[in-house]
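Single-structure report; data block below.
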Amino acid sequence: MTIPKLLVLGTGGTIAGAARSATGKSYGAGEVAIESILADIAKLGLEVELEPRTIARIGSQDIGWKEWDALHAAIADAQSDDSITGVIVTHGTDTAEETAYLLDLTLAAGKPVVLVGAMRPADAVGADGMRNFANAVRVASDADAGERGVMVVMGDTVFAASDVRKAATSNVDAFRGFPRGPIARVTPSSLDWFAPAHRVNTDARYPWPETLPRVAILTAGAGMDEKPVEALLGIGCKGIVIAGMGQGNAPRTVLGALEAAVQSGVPVVRSARVDEGMVDRNVEVDDDARGFVAARALGPAKARILLMVLIASGITDAASIQAAFDRP
Ligand code: ASP
(Lines give C-alpha, C1' and ligand atoms only; values in the text may rest on other atoms or scores of the structure.)
Protein backbone atom coordinates (compact mmCIF):
# COMPACT_ATOMS: atom_id res chain seq x y z
CA MET A 1 0.00 0.00 0.00
CA THR A 2 1.37 3.44 -0.89
CA ILE A 3 1.39 5.93 1.96
CA PRO A 4 -0.63 9.09 1.20
CA LYS A 5 1.32 12.32 0.95
CA LEU A 6 -0.40 15.46 2.20
CA LEU A 7 0.72 19.04 1.71
CA VAL A 8 0.25 20.93 5.01
CA LEU A 9 -0.05 24.69 4.65
CA GLY A 10 0.39 26.53 7.95
CA THR A 11 -1.29 29.89 8.46
CA GLY A 12 -1.26 30.14 12.28
CA GLY A 13 -4.32 30.38 14.53
CA THR A 14 -4.92 28.83 17.92
CA ILE A 15 -3.89 25.39 16.66
CA ALA A 16 -0.44 27.00 16.51
CA GLY A 17 -1.05 29.06 19.65
CA ALA A 18 1.18 29.17 22.71
CA ALA A 19 -0.05 30.19 26.16
CA ARG A 20 3.09 29.09 28.07
CA SER A 21 0.75 28.00 30.85
CA ALA A 22 -1.55 25.00 30.73
CA THR A 23 -4.28 26.96 32.51
CA GLY A 24 -3.69 30.57 31.44
CA LYS A 25 -6.26 32.66 29.59
CA SER A 26 -4.16 34.73 27.20
CA TYR A 27 -2.08 33.31 24.37
CA GLY A 28 -0.52 34.23 21.05
CA ALA A 29 -2.00 32.71 17.89
CA GLY A 30 0.42 31.38 15.28
CA GLU A 31 3.49 31.28 17.54
CA VAL A 32 4.22 27.57 16.94
CA ALA A 33 5.86 26.76 13.59
CA ILE A 34 4.10 24.22 11.35
CA GLU A 35 7.25 22.03 11.43
CA SER A 36 6.99 21.82 15.20
CA ILE A 37 3.26 20.89 15.04
CA LEU A 38 4.15 18.12 12.57
CA ALA A 39 6.96 16.90 14.84
CA ASP A 40 4.31 16.32 17.54
CA ILE A 41 1.97 14.70 15.01
CA ALA A 42 4.78 12.32 13.95
CA LYS A 43 4.63 10.84 17.47
CA LEU A 44 1.08 9.60 16.77
CA GLY A 45 2.42 7.10 14.21
CA LEU A 46 -0.10 7.97 11.49
CA GLU A 47 0.56 6.24 8.16
CA VAL A 48 1.00 9.39 6.14
CA GLU A 49 3.75 11.60 4.75
CA LEU A 50 3.28 15.26 5.66
CA GLU A 51 5.01 18.02 3.72
CA PRO A 52 4.92 21.32 5.64
CA ARG A 53 4.93 24.82 4.13
CA THR A 54 4.47 28.11 5.97
CA ILE A 55 2.03 30.55 4.40
CA ALA A 56 1.74 32.79 7.47
CA ARG A 57 1.88 32.71 11.28
CA ILE A 58 -1.03 34.92 12.21
CA GLY A 59 -4.34 34.96 14.02
CA SER A 60 -6.96 34.45 11.32
CA GLN A 61 -8.58 37.79 12.22
CA ASP A 62 -5.64 39.25 10.25
CA ILE A 63 -5.96 37.04 7.19
CA GLY A 64 -6.50 38.78 3.89
CA TRP A 65 -5.64 38.96 0.23
CA LYS A 66 -1.90 38.20 0.56
CA GLU A 67 -2.42 34.93 2.47
CA TRP A 68 -5.44 33.92 0.38
CA ASP A 69 -3.47 34.46 -2.83
CA ALA A 70 -0.59 32.32 -1.53
CA LEU A 71 -2.98 29.58 -0.33
CA HIS A 72 -4.84 29.49 -3.63
CA ALA A 73 -1.61 29.20 -5.64
CA ALA A 74 -0.17 26.46 -3.40
CA ILE A 75 -3.38 24.39 -3.50
CA ALA A 76 -3.80 24.81 -7.26
CA ASP A 77 -0.21 23.53 -7.70
CA ALA A 78 -0.87 20.59 -5.37
CA GLN A 79 -3.98 19.68 -7.34
CA SER A 80 -1.87 19.13 -10.45
CA ASP A 81 0.94 17.33 -8.61
CA ASP A 82 0.40 13.56 -8.92
CA SER A 83 2.51 12.86 -5.84
CA ILE A 84 0.12 14.77 -3.53
CA THR A 85 -3.03 13.03 -2.24
CA GLY A 86 -4.64 16.00 -0.51
CA VAL A 87 -4.08 19.29 1.28
CA ILE A 88 -4.49 20.32 4.92
CA VAL A 89 -4.55 24.01 5.87
CA THR A 90 -3.99 24.79 9.54
CA HIS A 91 -6.04 27.92 10.19
CA GLY A 92 -7.48 30.08 12.94
CA THR A 93 -11.10 29.36 13.69
CA ASP A 94 -12.35 32.97 13.63
CA THR A 95 -12.36 33.25 9.84
CA ALA A 96 -12.05 29.59 8.79
CA GLU A 97 -15.48 29.82 7.15
CA GLU A 98 -14.39 32.75 4.99
CA THR A 99 -11.13 31.22 3.77
CA ALA A 100 -12.80 27.84 3.20
CA TYR A 101 -15.64 29.36 1.18
CA LEU A 102 -13.37 31.65 -0.87
CA LEU A 103 -11.17 28.68 -1.82
CA ASP A 104 -14.20 26.49 -2.49
CA LEU A 105 -15.62 29.04 -4.95
CA THR A 106 -12.34 29.42 -6.83
CA LEU A 107 -10.75 25.95 -6.87
CA ALA A 108 -11.69 22.78 -8.71
CA ALA A 109 -13.24 20.13 -6.45
CA GLY A 110 -10.67 17.44 -7.23
CA LYS A 111 -8.37 16.42 -4.37
CA PRO A 112 -9.50 16.84 -0.78
CA VAL A 113 -8.72 20.24 0.77
CA VAL A 114 -9.30 20.38 4.53
CA LEU A 115 -9.07 23.38 6.86
CA VAL A 116 -8.40 22.48 10.47
CA GLY A 117 -8.00 24.56 13.61
CA ALA A 118 -8.32 24.36 17.36
CA MET A 119 -10.15 26.24 20.07
CA ARG A 120 -7.40 25.75 22.65
CA PRO A 121 -3.72 26.62 22.26
CA ALA A 122 -1.29 23.76 21.71
CA ASP A 123 0.04 23.90 25.30
CA ALA A 124 -3.33 24.28 27.07
CA VAL A 125 -4.77 21.51 29.22
CA GLY A 126 -7.13 19.45 27.03
CA ALA A 127 -5.76 21.00 23.81
CA ASP A 128 -7.92 19.92 20.84
CA GLY A 129 -5.45 20.63 18.04
CA MET A 130 -3.70 17.24 17.86
CA ARG A 131 -6.96 15.32 17.65
CA ASN A 132 -8.42 17.73 15.10
CA PHE A 133 -5.24 17.41 13.03
CA ALA A 134 -5.29 13.59 13.21
CA ASN A 135 -8.95 13.77 12.06
CA ALA A 136 -7.96 16.09 9.20
CA VAL A 137 -5.30 13.59 8.10
CA ARG A 138 -7.94 10.86 7.99
CA VAL A 139 -10.28 13.02 5.87
CA ALA A 140 -7.62 14.39 3.50
CA SER A 141 -6.26 10.92 2.76
CA ASP A 142 -9.64 9.20 2.34
CA ALA A 143 -10.48 7.77 -1.08
CA ASP A 144 -14.06 9.14 -0.83
CA ALA A 145 -13.06 12.66 0.17
CA GLY A 146 -12.43 13.92 -3.38
CA GLU A 147 -14.88 16.10 -5.33
CA ARG A 148 -16.39 17.45 -2.13
CA GLY A 149 -14.68 20.84 -2.43
CA VAL A 150 -13.11 22.50 0.57
CA MET A 151 -14.07 21.12 3.98
CA VAL A 152 -13.58 22.20 7.59
CA VAL A 153 -12.73 19.57 10.21
CA MET A 154 -13.36 20.54 13.83
CA GLY A 155 -14.42 18.57 16.88
CA ASP A 156 -14.84 15.12 15.22
CA THR A 157 -17.08 16.71 12.59
CA VAL A 158 -16.66 17.49 8.89
CA PHE A 159 -18.48 20.44 7.32
CA ALA A 160 -18.71 21.63 3.72
CA ALA A 161 -17.30 25.12 3.13
CA SER A 162 -20.62 26.59 2.01
CA ASP A 163 -22.41 25.42 5.20
CA VAL A 164 -19.91 25.94 7.97
CA ARG A 165 -19.83 28.74 10.51
CA LYS A 166 -18.26 29.40 13.89
CA ALA A 167 -21.14 29.46 16.35
CA ALA A 168 -19.44 29.66 19.75
CA THR A 169 -16.60 31.82 21.02
CA SER A 170 -14.86 29.31 23.25
CA ASN A 171 -16.42 25.83 23.34
CA VAL A 172 -14.39 23.07 21.72
CA ASP A 173 -17.57 22.11 19.84
CA ALA A 174 -17.77 25.54 18.21
CA PHE A 175 -18.86 24.90 14.62
CA ARG A 176 -22.27 24.38 13.03
CA GLY A 177 -23.51 23.83 9.49
CA PHE A 178 -26.47 25.34 7.65
CA PRO A 179 -28.42 24.39 5.59
CA ARG A 180 -26.63 21.06 5.90
CA GLY A 181 -25.29 19.94 9.24
CA PRO A 182 -22.12 17.83 9.31
CA ILE A 183 -21.36 15.88 6.11
CA ALA A 184 -19.30 13.28 8.03
CA ARG A 185 -18.21 12.22 11.48
CA VAL A 186 -14.52 11.57 11.96
CA THR A 187 -12.24 10.30 14.69
CA PRO A 188 -8.57 9.36 14.40
CA SER A 189 -9.73 5.76 13.78
CA SER A 190 -12.98 6.16 11.79
CA LEU A 191 -14.67 8.23 9.10
CA ASP A 192 -18.36 8.03 8.16
CA TRP A 193 -19.67 10.09 5.24
CA PHE A 194 -23.40 10.87 5.41
CA ALA A 195 -23.91 11.43 1.68
CA PRO A 196 -22.15 11.20 -1.68
CA ALA A 197 -19.92 14.05 -2.91
CA HIS A 198 -22.02 17.22 -3.05
CA ARG A 199 -20.16 19.51 -5.47
CA VAL A 200 -22.21 19.31 -8.68
CA ASN A 201 -19.77 21.29 -10.77
CA THR A 202 -16.28 20.03 -10.08
CA ASP A 203 -14.55 22.83 -12.06
CA ALA A 204 -13.64 26.07 -10.30
CA ARG A 205 -16.83 28.14 -10.27
CA TYR A 206 -15.10 31.52 -10.48
CA PRO A 207 -11.66 32.58 -11.70
CA TRP A 208 -9.11 33.57 -9.08
CA PRO A 209 -9.36 37.38 -8.99
CA GLU A 210 -6.39 39.73 -9.30
CA THR A 211 -7.68 41.60 -6.30
CA LEU A 212 -10.81 41.72 -4.15
CA PRO A 213 -13.04 44.81 -4.01
CA ARG A 214 -13.97 46.59 -0.78
CA VAL A 215 -17.26 45.06 0.39
CA ALA A 216 -18.56 45.86 3.87
CA ILE A 217 -20.92 44.08 6.24
CA LEU A 218 -23.26 46.46 8.06
CA THR A 219 -25.19 45.05 11.01
CA ALA A 220 -28.67 46.53 11.36
CA GLY A 221 -29.77 47.64 14.82
CA ALA A 222 -33.00 49.02 16.22
CA GLY A 223 -33.19 52.80 15.94
CA MET A 224 -30.35 52.99 13.38
CA ASP A 225 -30.45 55.68 10.69
CA GLU A 226 -29.07 56.03 7.17
CA LYS A 227 -25.72 57.61 8.13
CA PRO A 228 -23.68 54.34 8.38
CA VAL A 229 -24.76 53.41 4.83
CA GLU A 230 -23.76 56.85 3.57
CA ALA A 231 -20.41 56.52 5.36
CA LEU A 232 -19.73 53.19 3.60
CA LEU A 233 -20.48 54.75 0.22
CA GLY A 234 -18.26 57.66 1.21
CA ILE A 235 -15.22 55.38 1.65
CA GLY A 236 -15.81 53.79 -1.75
CA CYS A 237 -17.45 50.45 -0.92
CA LYS A 238 -18.16 48.50 -4.07
CA GLY A 239 -20.80 46.36 -2.39
CA ILE A 240 -22.72 46.21 0.90
CA VAL A 241 -23.96 43.18 2.81
CA ILE A 242 -26.57 44.12 5.38
CA ALA A 243 -26.71 41.74 8.35
CA GLY A 244 -30.35 42.46 8.93
CA MET A 245 -32.80 41.67 11.69
CA GLY A 246 -34.93 38.54 11.29
CA GLN A 247 -35.12 37.67 7.58
CA GLY A 248 -32.70 40.46 6.65
CA ASN A 249 -34.87 43.41 7.71
CA ALA A 250 -33.64 46.92 8.48
CA PRO A 251 -35.25 50.22 9.51
CA ARG A 252 -37.07 52.12 6.76
CA THR A 253 -34.42 54.87 6.59
CA VAL A 254 -31.64 52.31 6.23
CA LEU A 255 -33.51 50.53 3.42
CA GLY A 256 -33.94 53.89 1.70
CA ALA A 257 -30.20 54.57 1.86
CA LEU A 258 -29.44 51.05 0.63
CA GLU A 259 -31.82 51.56 -2.30
CA ALA A 260 -29.94 54.75 -3.17
CA ALA A 261 -26.71 52.70 -3.03
CA VAL A 262 -28.14 50.24 -5.56
CA GLN A 263 -29.16 53.13 -7.80
CA SER A 264 -25.60 54.45 -7.67
CA GLY A 265 -24.29 51.06 -8.88
CA VAL A 266 -23.36 49.47 -5.52
CA PRO A 267 -24.96 46.01 -5.15
CA VAL A 268 -26.71 45.33 -1.84
CA VAL A 269 -27.21 41.83 -0.40
CA ARG A 270 -29.65 41.28 2.47
CA SER A 271 -28.49 38.61 4.93
CA ALA A 272 -29.52 37.94 8.53
CA ARG A 273 -27.85 38.78 11.83
CA VAL A 274 -29.85 35.81 13.21
CA ASP A 275 -27.75 32.68 13.80
CA GLU A 276 -29.22 30.63 10.96
CA GLY A 277 -32.08 30.35 8.50
CA MET A 278 -32.96 31.43 4.98
CA VAL A 279 -33.34 35.02 3.79
CA ASP A 280 -35.81 34.89 0.92
CA ARG A 281 -36.78 37.53 -1.61
CA ASN A 282 -39.76 39.85 -1.14
CA VAL A 283 -40.87 38.70 2.32
CA GLU A 284 -41.09 42.00 4.25
CA VAL A 285 -38.76 43.92 1.95
CA ASP A 286 -39.73 44.48 -1.69
CA ASP A 287 -36.47 43.31 -3.25
CA ASP A 288 -37.91 43.49 -6.77
CA ALA A 289 -38.75 47.18 -6.38
CA ARG A 290 -35.59 48.14 -4.48
CA GLY A 291 -33.08 46.10 -6.49
CA PHE A 292 -31.73 44.11 -3.54
CA VAL A 293 -30.35 40.56 -3.53
CA ALA A 294 -31.46 38.02 -0.87
CA ALA A 295 -28.56 36.05 0.65
CA ARG A 296 -30.69 32.86 0.91
CA ALA A 297 -28.74 30.34 3.04
CA LEU A 298 -25.49 32.32 3.35
CA GLY A 299 -24.76 34.22 6.55
CA PRO A 300 -23.17 37.70 6.39
CA ALA A 301 -19.50 36.58 6.40
CA LYS A 302 -19.90 34.15 3.50
CA ALA A 303 -22.29 36.49 1.66
CA ARG A 304 -19.52 39.09 1.68
CA ILE A 305 -17.02 36.57 0.25
CA LEU A 306 -19.39 35.60 -2.57
CA LEU A 307 -20.24 39.23 -3.35
CA MET A 308 -16.51 40.13 -3.50
CA VAL A 309 -15.83 37.24 -5.89
CA LEU A 310 -18.81 38.15 -8.09
CA ILE A 311 -17.87 41.83 -8.34
CA ALA A 312 -14.25 40.86 -9.05
CA SER A 313 -15.58 38.63 -11.86
CA GLY A 314 -17.52 41.57 -13.34
CA ILE A 315 -20.92 40.30 -12.15
CA THR A 316 -22.66 43.36 -10.71
CA ASP A 317 -26.31 43.33 -11.80
CA ALA A 318 -28.84 42.25 -9.17
CA ALA A 319 -30.38 39.42 -11.23
CA SER A 320 -27.05 37.72 -11.91
CA ILE A 321 -25.91 38.19 -8.30
CA GLN A 322 -29.20 36.71 -7.10
CA ALA A 323 -28.72 33.70 -9.41
CA ALA A 324 -25.31 33.07 -7.81
CA PHE A 325 -26.77 33.29 -4.29
CA ASP A 326 -29.58 30.92 -5.31
CA ARG A 327 -26.91 28.31 -6.18
CA PRO A 328 -24.01 29.12 -3.83
N1 ASP B 1 -8.26 34.25 16.92
C2 ASP B 1 -7.86 32.89 16.62
C3 ASP B 1 -7.75 32.78 15.11
O4 ASP B 1 -8.74 32.78 14.44
C5 ASP B 1 -8.88 31.95 17.18
C6 ASP B 1 -8.68 30.49 16.86
O7 ASP B 1 -7.87 30.07 16.04
O8 ASP B 1 -9.42 29.67 17.46
O9 ASP B 1 -6.67 32.72 14.62
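Every number for a ligand or one of its atoms is a count from 1 in the order of the listing.
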- Given the options Asn135, Val152, Val139, Val158 meets side-chain contact (heavy atoms from CB on, under 4.5 Å) only with Val139
- Short N-O contact, Arg290 and Glu259, less than 4.0 angstrom: yes
- Task: With sequence neighbours excluded, give me every side-chain hydrogen bond (donor to acceptor under 3.5 Å, both in side chains) pair touching residues 5-26.
- Result: Lys5-Glu51, Thr14-Tyr27, Arg20-Glu31
- ring pair (Phe, Tyr, Trp, His ring centres under 6.0 Å) contacts in which one or both residues fall within residues 140-163, not counting sequence neighbours: none
- Note on the structure: Near ligand 1 (heavy atom, under 4.0 angstrom), the protein residues are Gly13, Thr14, Tyr27, Gly59, Ser60, Gln61, Gly92, Thr93, Asp94, Ala118
- Please determine if Asp163 and Arg180 form a salt bridge, counting it only when a charged side-chain N lies under 4.0 Å from a carboxylate O. yes
- Query: Got a sec, which pairs hit ring pair (Phe, Tyr, Trp, His ring centres under 6.0 Å) with one end in residues 199-219, sequence neighbours left out?
  - Reply: Trp65-Trp208, His72-Trp208
